[in-house]
Each structure stands twice: as structure tokens, then as C-alpha cells.
Amino acid sequence: MEESKAHHQTIHSQQTPVNSHHPMSTSLGIGRRKDKNNYWKALKNTDKDQQLPLYKDKPEGHNNKRSSIGNRRLKTMFKAIAFCVALYSFYHIGWFLKHEAKINTSYDMEMKDWKFAQTEVKRVFKESWAHYEAEAWGKDVYNPLTKTGKNMGPHPLGWIIVDSLDTLHLMGLDEEFKTATAWVANELTYDIDYEVNVFETTIRMLGGLLSAYFLSQNDMFLDKAVDLGDRLLGAFESPSGLPYASVNLKTKKGVKNHVDNGASSTAEVSTLQLEFKYLSKLTGESLYWEKVEKIMQILDNNHAQDGLVPIYVHPDTGRYQGQIIRLGSRGDSYYEYLLKQYLQTEQEEPIYNLMYQESLRGMKDNLLRHSKPNNLAFFGELEHGIKGPLSNKMDHLVCFIGGLFALGATDGQTLQKARKSSNWSKMKEDDMLLAKDITHTCYEMYHQTATGLAPEIVVFNTDDTSKEDFYVKPLDRHNLQRPETVESLFILYRITGDPIYRKWGWEIFKSFEQHTKTPGGSYTSLQDVTEVPPKQRDNMESFWLAETLKYLYLLFDDEDLTPLDKVVFNTEAHPLPKFSMNPLFKTGWSREKKTINADDKAENKKGDVKDTKANVRQPVDAKLTKTVGSQPKESEPPRAAQVAKPALVQLKELSAETELETQQDPEKLSIKQRLQDGENVNEILEELIEL
Ligand code: DMJ
């Protein structure tokens, strides 16, 4: 299995449309851009600033300057003082090391350099891949314990192979990439009479093919992507234009969700945009663009309060269903793709940034809370809408959000560079702090379990008497090899350059290696992370290869293989290039003005709505029985006033930012005046964000 030495120089950009055919065309003769620049290489030469300072191990030796003091007595005195200082220092260094060791044992004991860490990740990827190749090649599902595999439908969908293509490429596993490419070219067809989930197929298969095309410039991947994209489009034929949950790949007929009253997941309908927009860019065909853009308009027309959306939406009506709001399952990537759409098209669509900013402020005001005893920041869930009580439950899935906040604050630039830009603000600085805090929490979700691996869901303790920050219910103790935490570690490392993220990543990686390796030498999911040794489940998720190991590999990468200011990762970790929309595309919609309903008006009169709500909220999970960790209590004190503060803080900052505009436009009332008139803070904030 030869590895390419020059593989890192083979990544190309695809910046121009290559095809103006009808999108339903699946012909192999789609036009292609022929000037395959090695723009990666060019990027490195032209944009040196973007490179983070590389981590350097502490040098072995140190300067041994001789003392200039010749006098013996002085020398003796000096030695005595030095001895005391040394004693004092050793005492404190000892204390420090003890505390550091708690977090970084494996790092301190084993790490030589980060190149070594990267090689280790690659080794684990190769082992996982080799076992899959030997035991379940081509199959959609891989069971590493029984060394078997199966397809989800009558024919393989390429679930594992297509999802892994770009990781193979980025890791320089040329032989494996070649074999996988041949399989895609010769074995893979989407002309199957089988219903697939539109979201999963888009993020894993369409995203995987597009990314493979982006990295390799092999036209075959684009042809497959166009064919698949055309089949998925059938799902959009609903009364509202929101896609049905599933689609039959052969008949191209959309299929309603069989449960949940036919509703689709909000995250599922709003996490198709990067893939279909890039497909439009590549083919020059605007239909893909229009279909997925329409979804954003339909969702926004619901006027979700504080930018926080319920997790179900109905394809018949285009209206949200139910009141559950969370950043975890079914909600997560709605927020992710708001920002990423803005970043994908080089910040040419501010509408998505506005929506993202609104959501972020909404999260801070309504979902953010801190655990006891260690004050870990976490995002709870609203099971009964924005005015209901907050549950302390948080999915591991939420852990992508630290990375997202960091991307949002810096637009993917290094923090050092972003801070120098003219639009840097206190608000962005705060967003970075929250990004770090929440990522730290996610790290603790690994660090505080017996295996060093995070469970699927935790419930945080917020009672003053709590001895542990969170507990895990028996049914939530599994680990599916998920990527979200290491994704945030990778992004935060790239943006801040702080080696702590690599240390945490290394510790997590070692725990994965120790506990998820099967007796046969492959890697698998776990039943319960709270016991050692953990019982293993017989399934390797495709995102273990597509995301978790890729992000770990990139975390330890010193070559900046995927510059965050040039590339945007889809939610399945498939890197796609940012591109300019001009001259072919433009944002085809604008936001409706929100009308305030009677309830809101009444509450506004009371003053700060957030304060009022904060004081009545009680944690839902407070009533749950203890499982592991400390016992949650029957009640807990009202959320601190901090929940109301962010909106005001943001408002002041935005107020300063927009002061000039206010002066220029006499029709815009001064913010001070409006506050004095008793207008609601959040509404003014919303308006300002829109400005
Ligand atoms: C992946 O398929 C994607 O990251 C998705 O957005 C969330 N779930 C899994 C990984 O946990």
C-alpha cells in the first residue's frame, strides 16, 4: 500500500461552472473546467498569514550562561538563594504537574511530536480500512466483531466507501483511494428501487462524491454526483417545497416520514444546501440552488422566536411542528448550515449570517447554562418551546458547536488575524470565549468517564450540592465513534493555535484506540462508556472514517491541508471549496418582516422578557431519577441573570457599530431613545442584526 509523497499538492479548485446542461442529464459528457490549477500550492505561497504558528516541543537544552559574579561569598549566597528558589519552584511545579497530569497523562507519557500523533491516527485509519476491505468490502454496513457486512437495500449505496474517499485522499493513501475509486466507477449505481433518507444520502454520498471530485478532479465523481443529485431532487416535490424525509432512488418519488405525523426533521431539510449549491456551481445549473434555497425561505417565514427552531417541520404546510427546541439531534445542523452557507459563498449572502447571529444570541439567552460544581457551560433543551422549562440534557451531537462559534467569529481566519480586522468586536471576542468553554465541556464529557470516551447524551447537574458535573442515564451510555468533539478541537486548534486542543485530541484518540479496538484488530462502537472494559457493539459507523479520524488527522496536521478560510466542511466532514456566486447566482429571497403577536406585545411591556422567563424556568431533568453520577435535585434556583445579559451586551455593541448608520438615516430612531420608550431589547437587537 504505497503512500504518495506528493499527494498534498494534488488538491485543485473548481471555481467555474463546467456545465450548462439540464440537471437531469446524467451523461458522461458534462463539460469540465480544464485549467486544473494547483491552487493549494498557490494558496500557501500567497497567504502566509493564514498559517498558524506550528507547535514546537520544548527544546531539550537551555542556555547555560555563566554567572558574572566572581566573589566566592557572593557565589555561595547566590547558590543558597537559588537552592531556595529551586525548592519553592519544584514544590509548585510538582503541584502543577499533578494537575496537568490529570488531564494530559497520555500526552505527557507518550507524545514525542505531533507528526507522530498524526501518523498514529493514520495507522488506526489504515487498520480500520484494511479490516473493512477484507471482511465487508463494498457493503453499506460493517460489523467488525462478527467480521461481516450487509447492504441497506438491494444493492450497495457506497455508504462506507463513498463517505471515506476524501479521507483516503487527504491521508495520501493512494492505493486505497485507487481501489475505492474503481469500486465507485464500476460497482456503484443509484438506479435502485429503494427508499433512502434524503439528508443522510446528501451529506454522506453526495457530499462524499463532491468532495472526492474537488480533491481529485476525477470527472467520474462529478458524474455520479449529478446522477444522485437528480434522483434526490424528487423529494422536493411536496406541497410546500420542503423535501420529504425519504426518496425512492429509482422512481424519484418523495416519501413522507412514516412516523412523526409525516414531519421531516428541521436539521434534515436545512442541511442539504452546501452540497446542492456546490453542485449548481459545478454544473452551472441553477435548479439545485433554487430548490435548497427555497427551503431556507420557507423555514424563515415561520419567524422562529430568537432564531431557535423546533426540530420538526411539515412538508405539506411548511410549518414547524411541535415545540421541542434543541441543538442536538434533529436540530443541530440547521444552525451549522446557516453559518456555513454564508461562508461557502464568500460572505456574499449576508442573510444567512443574520439568521446565524440571531440564533447564536438566542442560544445564549435561552439555552446556555452552567453546571455545578465546575461551572461547565452547556446548552440545555426546551421541550415545551421557548417559554417552557429548560432541560439539562445535552447530546454529544451538540459538541460541533464550539467549532462553529469559532468559525463564525473569525470567518475561518486565525484568531490573531481576525482580531486585527476592522470588524472585530467585543461580541466576537465573547463568541470565541463561549466556543472555548463549550469545547472544554465536551472534552470533560470524555475525560470524566471511566473509558475516557463520551456517552451519547449527558444530563448536567446544576444543583449547588452536586459533586459531579453530569450523569448519564443507562440508555445513553453508548459511544458511536462520533466526531463532534474532535471536530471542534480541530477547528479551535486551527483558529487559536493553542496546543491544549491537540493534547485533548490525543487523549481522546488514545481512549478510542484502547477501548474501541476489536480483538480482531478493527474498530467498533461501544455499549457503555462508564465501565471498563466496555462492552463492544458490532458496528463501525461510516463517520468513524469520514469524520472522526479525518478531524483527528487534521488536528495534528502542520501543513494546513484544508485551510479554513478557503474550505468549508459539510456536516459529514467533507471539505468543499468556498466560491463566489457571481455572475451566475444570487440570493433569491429576502426575509419577511416579523409581525409581533399580542402575547409578545404584552410581555414586552413588562420590560425585559428574558429576565422574566429566566426566573420562572425550572429544569425538566430535575425530576429524573439518578442513574450514574450525582443525584439531580427536585428543584434548582432560577437561572442567573446572566441569561438576560448577553442580549443587552450584544445590543450595546451593535448599537455602537450601527451608530453611524443611525446618524445617517434620521428615520432610524436612536437606540437609547427606543430603550427609554420601553421597547423590547431582543426586537431591537433583531432589527439591528438585520441592518
Ligand atoms: C454525522 O452523520 C453528521 O456529522 C451529522 O451532522 C450528525 N451525525 C453524524 C455524526 O455524529
Side-chain angles (χ1 to χ4, degrees), residues 128 140-142 152 157-167 196-211 243 245-246 264-276 292 309 311 326-341 344 379 394-404 407 439 442 445-446 453-458 476 478-491 508 512 516 523-526 529 537 539-552 554 562 568-576:
S128 307
D140 295 328
V141 176
Y142 172 40
M152 300 194 289
L157 294 162
W159 214 246
I160 293 180
I161 296 178
V162 173
D163 221 9
S164 306
L165 286 166
D166 54 9
T167 314
V196 294
N197 176 287
V198 174
F199 157 78
E200 296 289 2
T201 310
T202 300
I203 64 166
R204 301 187 198 213
M205 300 301 96
L206 189 58
L209 289 166
L210 288 171
S211 184
S246 307
S264 303
S265 294
T266 304
E268 294 194 357
V269 301
S270 57
T271 312
L272 313 167
Q273 285 68 18
L274 295 186
E275 297 79 359
F276 279 94
V292 292
V309 296
I311 59 168
R326 63 172 173 240
L327 307 183
S329 64
R330 299 181 189 278
D332 47 6
S333 43
Y334 164 80
Y335 305 99
E336 179 183 355
Y337 270 34
L338 290 181
L339 178 72
K340 288 188 173 176
Q341 282 184 81
Q344 179 183 37
F379 287 113
M394 186 170 107
D395 295 350
H396 181 271
L397 286 167
V398 179
C399 289
F400 76 97
I401 209 125
L404 189 77
L407 272 182
T439 303
C442 290
M445 283 164 63
Y446 286 74
L453 291 171
E456 180 73 357
I457 302 170
V458 304
D476 302 335
H478 49 290
N479 177 293
L480 301 182
Q481 308 170 287
R482 286 200 189 276
E484 290 76 18
T485 297
V486 295
E487 171 181 353
S488 286
L489 295 179
F490 155 65
I491 294 172
I508 290 171
F512 269 125
T516 69
Y523 295 84
T524 198
S525 307
L526 301 178
V529 296
R537 283 186 176 181
N539 187 45
M540 185 194 77
E541 295 286 346
S542 72
F543 47 71
W544 168 245
L545 303 174
E547 299 196 68
T548 310
L549 289 174
K550 181 191 285 150
Y551 281 132
L552 281 165
L554 293 175
T562 51
V568 62
F569 285 86
N570 89 337
T571 194
E572 187 76 4
H574 296 306
L576 304 172

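First listed ligand is number 1; within each ligand, the first listed atom is number 1.
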Where do [X] and [Y] come nearest, in terms of heavy atoms and distance?
X: Ser542; Y: Glu572; result: OG-OE2, 4.0 Å
X: Asp332; Y: Ala267; result: OD1-CB, 3.6 Å
X: Asp476; Y: Pro455; result: O-CB, 3.3 Å
X: Phe512; Y: Gln481; result: CE2-CA, 3.8 Å

Item to complete: Look at ligand 1 and say whether Glu487 reaches it with a heavy atom at a distance under 4.0 Å.
Response: no
Worksheet item: Heavy atom of Arg204 under 4.0 Å from ligand 1?
Response: yes
Item to complete: Answer yes when Glu541 and Arg482 have at least one side-chain N-carboxylate O distance shorter than 4.0 Å, and no when they do not.
Response: no
Worksheet item: Counting from 1, what ligand 1 atoms have a heavy atom of Pro483 closer than 4.0 Å?
Response: 10 (C), 11 (O)
Discussion item. Quick check on contacts: which atoms of ligand 1 are under 4.0 angstrom from a heavy atom of Glu572?
Written reply: 1 (C), 2 (O), 3 (C)
Worksheet item: At what distance is the nearest protein heavy atom to atom 5 (C) of ligand 1, and which residue and atom is it?
Response: Thr571 OG1, 3.9 Å
Worksheet item: Looking only at protein heavy atoms, which one is nearest to atom 10 (C) of ligand 1, and how far off is it?
Response: Glu484 OE2, 3.2 Å
Discussion item. Under 6.0 Å between ring centres: does that hold for Tyr551 and Phe400?
Written reply: no
Ligand 1-proximal atoms of [X], by part, heavy-atom distance under 4.0 Å:
X: Leu397; result: side chain
X: Glu336; result: neither
X: Ile203; result: side chain

Fill in: Identified side chain to side chain contact (heavy atoms under 4.5 Å, CB included) counterpart of Lys340 within the set Asn570, Thr271, Thr571, Val568
Val568
